[in-house]
Amino acid sequence: MQFDFNTYTKEYIDNEAIKKFASKANEIKKKFETNLKELKWFQMSEYVDNAELKEIKELAVHLKETTDVLLVVGIGGSYMGTQAILSAMLPYFKKTQPEIIFVGTSLSSEYYYDLMKYLKEKRVSINVISKSGNTMETITAYELLMKMMHKKYTKKELKQRIYVTTNIHQGKLLEEAKKNGYRTFFIPDDIGGRYSILTSVSLFPLAVAGIDIIEFLKGAKEGRMYLNYASIYAMVRTILYERERVIEAFTVYEPKLYYFTEWLKQLFAESEGKDCKGILPISVVNPRDLHSLGQFIQDGNPCLFETNLYVDTCRTVTLEKYHEPMHDIEHLVLEKVCEAHTMSGSPSNIITLDSINEYHLGEACMFFMMSAAISAYLTDVNPFDQPGVETYKELIAQNLRVLK
Ligand code: PA5
């Protein structure tokens, strides 16, 4: 990975500002060298389990033979990382075998009506994922789909088709798995949803989709060498926030990284957005959004900075007219857009991935998880809880009880 936190931000960041945060950032970096429970996702040797990986790969082969559609049922950190990696890795216009459909993020009966119709003649398996085992949207989708599954398959067949990923202690999903003998993957206690991309939460569905999970884990493990860059990035973000840049646009030029920006939005919003603090993340896909949000970024309220996630090497086509590979023209657009936006008060960071493959995506995931955690620590908020989400969940639970 390469990092440029200077070319298009230097007017906004002076030595005084860096001095203000540098010693705090250094203290925070030391946390990663200790065995802090809350940073378990960083200590990969503590939870990456070779026996489980082997089994995941075997089950993936089995599902490829028996399944047309794998439904991945989950919400938030229980599916967004998987969708990000899967969509980045797939060639455009290609479906996986089995097809992977993410379910559990809507309560749209229109959606479920069409889904059931679509699944009618298909061989279906389900991976339901919920750390708490009780999330309303996930359980609702799961129960609805299980009605269909019970009509399609015998109890014995379901044992080969239902896979439950949850915590080891309690919850509706654990009870369900125990009662019916479904294969269970356990999410380590100290790893929360949005930091669980390196666990069976993502590894199982990714393996079923044919992604090389070993390379992905290798990239993530080696990505820990970017801790210092993660800390610089976190400092730059915090300084820009103090300069009233309260929105961060995660900007990509490769459309298939769109879901990666969705994962980033969740990672940063849930880690930082609390105690009336935090930077609001949005996602931008260029050049498309140069003709929509671009107007605001260039000319509107200067409340924003951009973090571009750029891909260095990719397959390319040559444009006869310019005698240049299209990728070089895209790069020129990136540079000139950063220049234009910076001139009008919207500074830009550029983070470059060498190319899109499992290894480099693994590196990027580790880099951004370290950055999100350090950013939250820098503003004295706990990166790993989400009290705001709990509040709405509790209100819904109370009202559902009233309706019963
Ligand atoms: O990052 C998080 O912790 C959240 O986004 C959770 O993943 C999300 O709320 C789903 O929770 P659960 O896995 O318990 O169903």
Side-chain angles (χ1 to χ4, degrees), residues 37-42 47 71-86 102-107 126-146 162-177 182 184-206 250 259-274 278 280-281 283 365-366 368-373 375-377 381-397 400:
K37 252 166 59 167
E38 64 198 50
L39 295 176
K40 186 165 183 172
W41 49 270
F42 181 79
Y47 62 90
L71 300 170
V72 175
V73 185
I75 198 163
S78 285
Y79 89 101
M80 296 189 85
T82 312
Q83 191 177 38
I85 302 306
L86 186 55
F102 295 96
V103 195
T105 59
S106 99
L107 291 167
I126 292 182
N127 179 204
V128 57
I129 308 166
S130 172
K131 170 119 192 247
S132 61
N134 292 324
T135 299
M136 187 272 287
E137 294 89 340
T138 305
I139 300 295
T140 304
Y142 173 72
E143 287 176 352
L144 189 68
L145 294 164
M146 283 309 285
I162 309 298
Y163 299 86
V164 174
T165 309
T166 190
N167 76 83
I168 201 165
H169 309 287
Q170 60 190 16
K172 281 199 182 117
L173 282 186
L174 186 66
E175 284 165 29
E176 167 84 359
Y182 299 149
T184 314
F185 297 108
F186 293 118
I187 307 170
D189 279 348
D190 301 319
I191 301 184
R194 57 192 172 278
Y195 292 85
S196 68
I197 193 166
L198 307 174
T199 72
S200 54
V201 166
S202 292
L203 298 180
F204 178 56
L206 285 177
F250 288 114
Y259 283 107
F260 199 85
T261 66
E262 287 295 307
W263 176 71
L264 289 176
K265 273 162 61 181
Q266 193 237 353
L267 177 66
F268 281 87
E270 280 200 332
S271 298
E272 283 189 297
K274 48 200 87 157
L280 175 71
S283 65
C365 288
M366 180 54 85
F368 281 111
M369 290 196 293
M370 294 186 300
S371 307
S375 297
Y377 285 135
V381 302
N382 176 356
F384 305 113
D385 64 358
Q386 54 277 336
V389 181
E390 299 309 325
T391 313
Y392 104 88
K393 279 188 187 171
E394 184 48 33
L395 282 177
I396 289 182
L400 281 176

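For ligands, and for the atoms within them, numbers begin at 1 and follow the listed sequence. These numbers were taken from a predicted model, which means no experiment stands behind them.
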Side chain to side chain, Leu173 and Ile129, heavy atoms closer than 4.5 Å: no
Contact check, side chains of Phe42 and Met366, non-hydrogen atoms, under 4.5 Å: yes
Side-chain contact test, heavy atoms from C-beta onward, threshold under 4.5 Å: evaluate it for Ser283 versus Phe260 and give yes or no. no
Any side-chain heavy-atom pair from Ser200 and Phe186 closer than 4.5 angstrom? no
Dump the pairs for me: ligand 1 N or O, protein N or O, distance under 3.5 Å, to 0.1 Å.
residue: ligand 1; atom: 1 (O); partner: Arg194; partner atom: N; Å: 2.9
residue: ligand 1; atom: 1 (O); partner: Arg194; partner atom: NH1; Å: 3.1
residue: ligand 1; atom: 1 (O); partner: Gln266; partner atom: NE2; Å: 3.3
residue: ligand 1; atom: 1 (O); partner: Glu270; partner atom: OE1; Å: 3.0
residue: ligand 1; atom: 3 (O); partner: Gly193; partner atom: N; Å: 3.3
residue: ligand 1; atom: 5 (O); partner: Gly77; partner atom: N; Å: 3.2
residue: ligand 1; atom: 5 (O); partner: Gln266; partner atom: NE2; Å: 2.8
residue: ligand 1; atom: 5 (O); partner: Glu270; partner atom: OE1; Å: 2.8
residue: ligand 1; atom: 7 (O); partner: Gly77; partner atom: N; Å: 2.9
residue: ligand 1; atom: 13 (O); partner: Ser78; partner atom: OG; Å: 2.8
residue: ligand 1; atom: 13 (O); partner: Lys131; partner atom: N; Å: 2.7
residue: ligand 1; atom: 14 (O); partner: Ser130; partner atom: OG; Å: 3.4
residue: ligand 1; atom: 14 (O); partner: Lys131; partner atom: N; Å: 3.4
residue: ligand 1; atom: 14 (O); partner: Ser132; partner atom: N; Å: 2.8
residue: ligand 1; atom: 14 (O); partner: Ser132; partner atom: OG; Å: 2.7
residue: ligand 1; atom: 14 (O); partner: Thr135; partner atom: OG1; Å: 3.4
residue: ligand 1; atom: 15 (O); partner: Ser130; partner atom: OG; Å: 2.6
residue: ligand 1; atom: 15 (O); partner: Thr135; partner atom: OG1; Å: 2.5

Check whether any side-chain heavy atom of Tyr259 lies under 4.5 Å from a side-chain heavy atom of Leu86, and answer yes or no. no
Output yes when Glu175 and Lys172 qualify as a salt bridge under the 4.0 Å nitrogen-oxygen rule, no when they do not. no
